[in-house]
2 protein chains.
Amino acid sequence: MYRCACQVGECVLCEARLASGPAREHACEVRGLLTRQTHRPREILFRQGEPSEHLFLLGTGQVKLMSNLPDGREQILGVRIAGQLLGFEALHPAGAAERGGAAGGDVQHPYTAETLTTVEVCRIRHRDMLAILEQNPAVSLRVIERLRQELDQAQVLIRDLGLKSAPEKVASFILSLVPDDAARADILLMPLSRLEIAEFLGLTVETVSRVFAKFRRDDLIRTPRGRVEVLNRAHLSSVAGGISAAPTPRGERALPAY
Amino acid sequence: MYRCACQVGECVLCEARLASGPAREHACEVRGLLTRQTHRPREILFRQGEPSEHLFLLGTGQVKLMSNLPDGREQILGVRIAGQLLGFEALHPAGAAERGGAAGGDVQHPYTAETLTTVEVCRIRHRDMLAILEQNPAVSLRVIERLRQELDQAQVLIRDLGLKSAPEKVASFILSLVPDDAARADILLMPLSRLEIAEFLGLTVETVSRVFAKFRRDDLIRTPRGRVEVLNRAHLSSVAGGISAAPTPRGERALPAY
DNA sequence: CGTCCCGTTGACGGCGCTCAAAACAGGTGG
DNA sequence: CCACCTGTTTTGAGCGCCGTCAACGGGACG
């Protein structure tokens with residue numbers, strides 16, 4: 001499969017152009033606008049409150065999005081994986097100029113982005129991205145689809161935070177780690193620490209740890225270093241108590257009836 | 001101001017086309033694709049689990065989005081107002097056909113949409129919308145912007161649900177009712193019942209009622225029928241304990257300027 | 001006037017948070 | 001290899017916030 005400068009197979013820019021344009025050389029005319037970066041684990045891509053100037057296209061790895069309250073409390077808003085977007089908040093199609101203010105460019109990141117793993121991202125200036133979107137409907141459609149998926153994920157999290165108990169939250173979370181195509185891969189990578197799981201689910205470290213302990217006692221899971229092994233998915237699903245946080249596979253039935 | 005068939009000033013379709021096209025008559029070439037509907041309060045636009053075939057453009061009024069667990073628990077995901085989008089979940093730019101399955105059109109609504117007030121919406125088939133997006137970058141940009149705003153709102157709610165106490169949640173919620181342009185309009189419409197507020201904030205009716213009572217005793221608010229009057233916004237903001245869902249007061253800059 | 005629904009208030013109990021400490025793993029240097 | 005230090009995970013004890021259950025009041029409406 002052909003890859004453009006950003007070397008990212010899932011890149012919304014490259015793929016879309018490849019699919020739409022007959023001419024190969026056009027595939028990467030955006031090359032000059034992209035900056036490729038590699039980050040190590042636990043690096044900050046940008047911080048909440050900083051001015052947002054770039055859009056990030058995540059190529060490989062995982063990035064956590066987190067938001068703080070002034071008193072230090074921290075909430076993880078989500079985890080982004082390959083193909084997803086970061087730092088979209090300052091893309092003002094129209095009106096950036098028409099509204100008064102400091103040239104419309106002083107929008108701030110509403111959250112902090114920190115890498116969980118080694119990460120490759122493509123960075124592009126908002127204005128450049130805007131120009132691309134204006135000229136490439138196919139890219140726009142891809143972006144719309146990505147945003148919609150992120151909105152879905154956010155709503156699933158809202159549901160879990162709003163009405164689930166601690167065990168239900170943790171069970172849902174574990175099940176959400178199951179990759180889409182996993183037929184029977186029940187040993188899952190655990191990208192988050194106990195503290196981060198707590199910050200994701202609106203709980204405390206101790207509560208998360210206790211729930212994990214209980215699941216272990218009930219032979220639902222095992223927890224080797226940095227991993228989670230699901231021993232009894234059916235039972236775990238019933239504990240999760242309803243719709244899980246798993247991304248809905250395309251084309252198949254969404255909202256499994258469980 | 002000119003208005004197209006849908007009669008909706010904020011309509012992403014009409015406005016965008018008006019702005020981009022020089023010819024007036026082009027402004028409403030999408031007219032034939034739009035169906036305008038008027039709904040009374042407490043009507044269901046669509047239900048969670050039903051197949052999603054239409055996109056809704058909200059013209060006037062308010063619509064609440066809610067999601068249920070199998071056992072009946074209910075979570076309000078958000079409230080949509082004029083100009084926002086509904087039922088976007090089935091818009092599949094590419095891949096709807098390429099992947100196997102039942103023609104790719106069997107995507108289901110992940111939430112139920114119910115009107116809170118009298119509501120005017122424009123309805124359009126997903127495939128028609130798709131065609132419009134493919135041909136009109138300006139429309140795509142508007143849609144992207146709307147989705148991004150909805151994502152921001154969702155993330156604010158996630159933060160509130162995940163790490164705020166009951167009084168903080170309620171205070172944030174009240175402040176979120178302050179309209180963007182309100183210089184000093186402190187009497188706010190309350191579109192939600194106590195039960196709905198509870199379902200929005202992940203609390204119970206009793207807790208919400210108790211917090212309101214406490215705020216009343218502390219002379220922070222008054223609660224005439226169907227309204228909320230803010231008596232001491234500064235104090236209420238401090239109770240909200242951090243970033244609120246409210247648009248930032250002019251002059252001050254807190255975090256998200258959504 | 002009776003009924004229904006919504007909001008309010010009280011009593012009580014449990015889930016999950018707080019505080020505290022021990023168990024554990026990992027890295028560093030002796 | 002072991003001692004030591006550091007940060008994470010686990011476990012325990014106690015309590016507080018908020019959910020649960022119940023009763024009451026008021027407005028809308030037939």
Mark yes or no for whether A/His39, through its side chain, and A/Glu114, through its backbone, hold a donor-acceptor pair below 3.5 Å.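 Side chain of A/His39 to backbone of A/Glu114: no pair is present.
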Taking the side chain from B/Thr115 and the backbone from B/Thr118, do they hold a donor-acceptor pair closer than 3.5 Å?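 No; zero donor-acceptor contacts below 3.5 Å.
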Give B/Gly226 one of three labels, base, sugar-phosphate or nothing, depending on what nucleic acid heavy atoms sit under 4.0 Å from its own.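 The answer is nothing, as B/Gly226 stays clear of every strand by at least 4.0 Å.
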Give the rounded distance in Å between these two atoms: [atom1] of [X] and [atom2] of [N].
X	N	atom1	atom2	result
A/Lys214	D/dT10	NZ	P	15 Å
B/Glu196	C/dC5	CD	C1'	13 Å
A/Glu199	C/dC17	CD	C1'	15 Å
A/Leu163	D/dT20	CG	P	11 Å
B/Lys164	D/dC18	NZ	C1'	18 Å
A/Arg194	D/dT11	CZ	C1'	14 Å
B/Arg217	C/dG10	CZ	P	8 Å
B/Lys169	D/dC17	NZ	C1'	11 Å

Does anything in residues 203-211 of chain B reach DNA chain C, meaning a heavy atom under 4.0 Å, and if so which residues?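 Heavy-atom cutoff 4.0 Å gives B/Glu206, B/Ser209, B/Arg210.
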Where does the angle between the aromatic ring planes of A/Phe46 and A/His109 fall among parallel (under 30°), tilted (30 to 60°) and perpendicular (over 60°)?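 The rings of A/Phe46 and A/His109 lie parallel, inter-plane angle below 30°.
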On DNA chain C, compare the nucleotides closest to A/Arg225 and A/Pro167; which residue's is nearer the 5' end?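 Whichever sits nearer the 5' end wins; that is A/Pro167.
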Report all side-chain donor-acceptor pairs from residues 65-82 of chain B shorter than 3.5 Å, counting only partners two or more places apart or in another chain.
from	atom 1	to	atom 2	distance (Å)
B/Ser67	OG	A/Arg159	NE	3.4
B/Ser67	OG	A/Arg159	NH1	2.5
B/Asn68	ND2	B/Glu74	OE1	2.9
B/Asp71	OD1	B/Arg73	N	3.1
B/Asp71	OD1	B/Arg73	NE	3.3
B/Asp71	OD2	B/Arg73	NE	2.9
B/Asp71	OD2	B/Arg73	NH2	2.8
B/Arg73	NH1	A/Leu163	O	2.7
B/Arg73	NH1	A/Glu168	OE1	3.0
B/Arg73	NH2	A/Glu168	OE2	2.8
B/Gln75	NE2	B/Glu199	O	3.1
B/Gln75	NE2	B/Phe200	O	3.0
B/Arg80	NH2	B/Glu150	OE1	3.3

Out of curiosity, B/Leu220 CG to B/Asn232 CG, how far, rounded to the nearest 0.5 Å?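 The CG atom of B/Leu220 sits 6.0 Å away from the CG atom of B/Asn232.
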State the OH-CG distance between A/Tyr111 and A/Leu86, to the nearest 0.5 angstrom.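 Reported value, rounded in 0.5 Å steps: 5.5 Å.
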